[in-house]
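To start, the structure under review is shown below, and the notes come after it.
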Amino acid sequence: IFVIKLCDEFDKAAQSLLNKMIHTSLVNTTNQVEVLQRDPNSPLYSVKTFEELRLKDKLLKGVYDMGFNRPSKIQENALPMMLAEPPQNLIAQSQSGTGKTAAFVLAMLSHVDPTNKWAQCLCIAPTYELALQTGKVIEQMGKFYPEVKLAYAIRGNKLDRGAKLQEQIVIGTPGTVLDWCSKLKIINPKKISVFVLDEADVMIATQGHQDQSIRIQRMLPKECQMLLFSATFEDSVWKFAERVVPDPNIIKLKREEETLDTIKQYYVLCSDKEEKFTALCNIYGAITIAQAMIFCHTRRTAGWLAAELTKEGHVVALLSGEMTVEQRATIIERFREGKEKVLVTTNVCSRGIDVEQVSVVINFDLPMDKDGNADNETYLHRIGRTGRFGKRGLAVNMIDSKHSMNILNQIEEHFNKKINKLDTDDLDEIEKISN
Ligand SMILES: Nc1ncnc2c1ncn2[C@@H]1O[C@H](COP(=O)(O)OP(=O)(O)OP(=O)(O)O)[C@@H](O)[C@H]1O
C-alpha cells in the first residue's frame, strides 16, 4: 500500500506540473463561478477589466505584457476579493488552467511595500518544480516592478542561520519555508501579511506537508491574509482548507461536464495484440484520421505498438512512464501542434490531458482499476467531450479476451449506452463509421 501511495503522490505533483507546462492559455469554460461570501450582506464585486482594479501602472503593464486582455472567470471575482481593504481570506477551487496562479501572484505583487526590505508575502507549493514554476510567473508579472524582489525557499538554497531576508516575496516548499521561519529565523513570520497555499490537493497528498503547512500558518499573525487554491475539492482538501483559512470567502468553478453523447463508440473482436494491430491498420486504411490517441495498459505494449506503427509509416509520438515531466510536456506540445498524428500512451502518462482536438480515440486496452474492473471515469475522460466545445468523435475499443469483453459490458451498463460491434475486415463497414 505504501508503494502505491508513493506513486500516487508522485503522480499528483507531476500531473499538476505537466498541466501547468501545457496550459499556455486559459482553459475554456462556460460554467458559472459559485461565490460564497463570508459576509453575505456585503456587496459582491466583480470586475470585467484589469483597469477597474486600480493596480499600480507597473503591474498593469506586467499583466498586459503577458498577453492578458481581461480577467478570467475566476479572476473576475477572486481579484476584487483579494485586493479588498481590509484583506479578506479566500478559498478558491477550479481546474488547472483557469487562472488561479496569475490571480494570487497579482494579489501578492499588489500588497508588497517595496520600500520595506523584509518578507511580506509567503507562498508555499508542494514540490520544488511547482515552486519554480510559480516563481517564474511572479518574475514575469513583476517584470516592470524591479524593486520587488523574490526569494526561493527550496532545497539547495542554503542560507545562514539568522541571515535576514531582504526579498519581499518568498515562494517555497513547506519544509524549507518552515525551517526559514522557525529554526533558521531567516523570515520573521510575524511580518507576513499575505500567505498563499497553492495546490492544496497535491499538498495534502504528500506525507508531512499538511502538518508543515499548518505549523507555518500558526506562526503568522491573525490579520495576515490567508489564501488557498486547489484544482479539486474532496472532503480531505476541504477539511484542510478550513483549518488553515479562517473565515473564508469561497469561490468555486465547476469543471465542464464530459459526455459521451457526441461520440460514436465501437468495439472490435480480436484474439491477441497482433490482431489488434491489424485491426488498427485496417481502420487507418479505410478512413482518414486527422489525429488519434491510442491508449495501452502497459508501457511495454505502448512501446511495441509505437514501433509497429512507425514501421507502417506513421509519424508516432510515444508518452512513456520513464520520461521526465519536461519531456512529456514537449511531446504533448508537439502533438497539439500537429507535428505527430498519432499519440500512443499509457493511462498514467496522460491522466488529465485534454484531448479535445483529437477526433479518434483507440482503446488498445480498456481502462481498468487495480481490481481489474472497468474504470469508467477514465473511460469517460479518454473519450468524452465537454458538450459545448467538443466536436463529434469516434472511439474504438479493442477486445481480446473474456475479461476485456466483461469490462466493455460494464462500461456499456454504467453509461447506459450501447457500444456497437465493428468488423474491421469489412472496408465498407469501417468507411460507414466515419460519416
Ligand atoms: N486573464 C488572463 N488572460 C489570458 N490568459 C491568462 C489569464 N490568466 C491566466 N492566463 C494564462 O492561462 C494559463 C493558465 O493560467 P494559470 O496558470 O494562472 O492557471 P491555474 O488555474 O493556476 O492553473 P495551474 O494550476 O495549472 O497553473 C497560463 O498560461 C496563464 O498565463
Side-chain angles (χ1 to χ4, degrees), residues 11-29 31 33-34 46-53 55 59-83 90-110 123-143 171 173 196-205 227-233 237 241 250-256 325-326 328-329 332-333 336-337 350-354 356:
D11 255 328
K12 267 203 161 153
Q15 191 59 62
S16 198
L17 183 63
L18 185 58
N19 269 323
K20 269 187 199 291
M21 296 176 118
I22 60 181
H23 283 142
T24 47
S25 61
L26 282 171
V27 164
N28 251 334
T29 169
N31 280 345
V33 280
E34 245 181 88
S46 80
V47 291
K48 292 286 178 201
T49 67
F50 286 111
E51 275 84 6
E52 289 171 71
L53 295 166
L55 301 166
L59 279 178
L60 197 58
K61 214 171 150 194
V63 168
Y64 286 139
D65 190 63
M66 289 178 81
F68 301 180
N69 296 322
R70 62 190 69 79
S72 71
K73 272 236 167 88
I74 192 120
Q75 289 164 0
E76 287 180 359
N77 292 288
L79 284 171
M81 244 173 214
M82 289 193 286
L83 300 177
L90 174 69
I91 295 175
Q93 180 247 325
S94 64
Q95 79 193 74
S96 178
T98 46
K100 300 186 293 298
T101 307
F104 71 71
V105 166
L106 191 55
M108 287 201 291
L109 284 165
S110 314
C123 173
I124 54 174
T127 65
Y128 179 94
E129 291 79 11
L130 287 165
L132 285 185
Q133 200 72 22
T134 301
K136 264 197 219 160
V137 180
I138 301 173
E139 286 172 17
Q140 224 183 335
M141 203 175 274
K143 189 167 140 192
I171 166 87
T173 45
V196 178
L197 207 153
D198 193 17
E199 313 256 354
D201 50 349
V202 183
M203 198 73 97
I204 63 165
L227 308 168
L228 179 141
F229 298 85
S230 184
T232 60
F233 238 133
V237 182
I250 299 163
I251 297 181
K252 286 191 211 177
L253 179 61
K254 281 216 189 70
R255 217 196 153 85
E256 199 90 10
V325 172
E326 285 78 10
R328 291 183 205 188
I332 294 165
E333 202 51 54
R336 285 199 170 160
E337 287 166 6
S350 59
R351 205 177 296 157
I353 299 171
D354 291 327
E356 293 284 307

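We count ligands from 1, going down the list as the structure has it; atoms in each ligand are counted the same way. The figures that follow rest on heavy atoms only: side chains count, while hydrogens, waters and symmetry mates do not.
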Exercise for review: Please check if the side chain of T127 supplies one atom and the backbone of L130 the other of a donor-acceptor pair under 3.5 Å.
Suggested key: yes
Review point. Got a second to check how far I91's CD1 is from L197's CG, nearest 0.5 Å?
Key: 10.5 Å
Revision key, fill the gap. In this structure, NZ of K143 is separated from CG of D65 (nearest 0.5 Å) by 3.5 Å
Check your understanding: Considering only heavy atoms of A102, which atoms of ligand 1 have at least one such atom less than 4.0 Å away?
Key -> 8 (N), 9 (C), 18 (O)
Practice item. Would you mind running through ligand 1 and noting each atom that sits below 4.0 Å from a heavy atom of R70? Key: 1 (N), 2 (C), 3 (N)
Review point. If you measure every N/O of G97 against every N/O of ligand 1, is any gap under 3.5 Å?
Key: yes
Practice item. Considering only non-hydrogen protein atoms, determine which one is nearest to atom 26 (O) of ligand 1 and report residue, atom name and distance to 0.1 Å. Key: S96 OG, 2.3 Å
Exercise for review: Just need the protein heavy atom nearest to atom 19 (O) of ligand 1, so name the residue and atom and give the distance.
Suggested key: G99 N, 2.9 Å
Revision key, fill the gap. Closest heavy-atom approach to atom 31 (O) of ligand 1 among F68, F104, F50 is made by F68
Review point. Nearest protein heavy atom to atom 22 (O) of ligand 1, by residue and atom, and its distance?
Key: T101 OG1, 2.5 Å
Point to revise | S72: numbered ligand 1 atoms lying under 4.0 Å from its heavy atoms | key: 1 (N)
Study note, to complete from the structure: Nearest heavy atom to atom 21 (O) of ligand 1, choosing from Q93, Q133, K20, K100, belongs to K100
Revision key, fill the gap. When rounded to the nearest 0.5 Å, the distance separating CD of Q75 from CZ of R70 is 11.5 Å
Review point. Near E199, which atoms of ligand 1 are under 4.0 Å from a heavy atom of that residue?
Key: 25 (O)
**Study point:** ligand 1 atoms in contact with T98 (distance to a heavy atom under 4.0 Å)
**Key:** 19 (O), 20 (P), 21 (O)
Review point. What distance separates L227 CG from M81 CE, expressed to the nearest 0.5 Å?
Key: 11.5 Å
Exercise for review: Compute whether any side-chain donor of one residue and acceptor of the other, for S94 and K73, lie under 3.5 angstrom apart.
Suggested key: no
Check your understanding: How does Q75 reach ligand 1, if at all, at less than 4.0 Å between non-hydrogen atoms: by side chain, backbone, both, or neither?
Key -> side chain
**Study point:** Nearest protein heavy atom with distance in Å, relative to atom 29 (O) of ligand 1
**Key:** H23 O, 2.9 Å
Point to revise | Value rounded to 0.5 Å, distance of CE in M203 from CG in L228 | key: 8.5 Å
Study note, to complete from the structure: Here the atoms of ligand 1 under 4.0 Å from any heavy atom belonging to Q95 are 21 (O)
Check your understanding: E52 and T49: side-chain hydrogen bond (donor to acceptor under 3.5 Å, both in side chains), yes or no, with the steps?
Key -> CA-CA 6 Å; E52 289 171 71; T49 67; 3.0 Å; yes
Exercise for review: Measure the acute angle between the ring planes of F50 and Y64, then classify it against the limits of 30° and 60° as parallel, tilted or perpendicular.
Suggested key: perpendicular
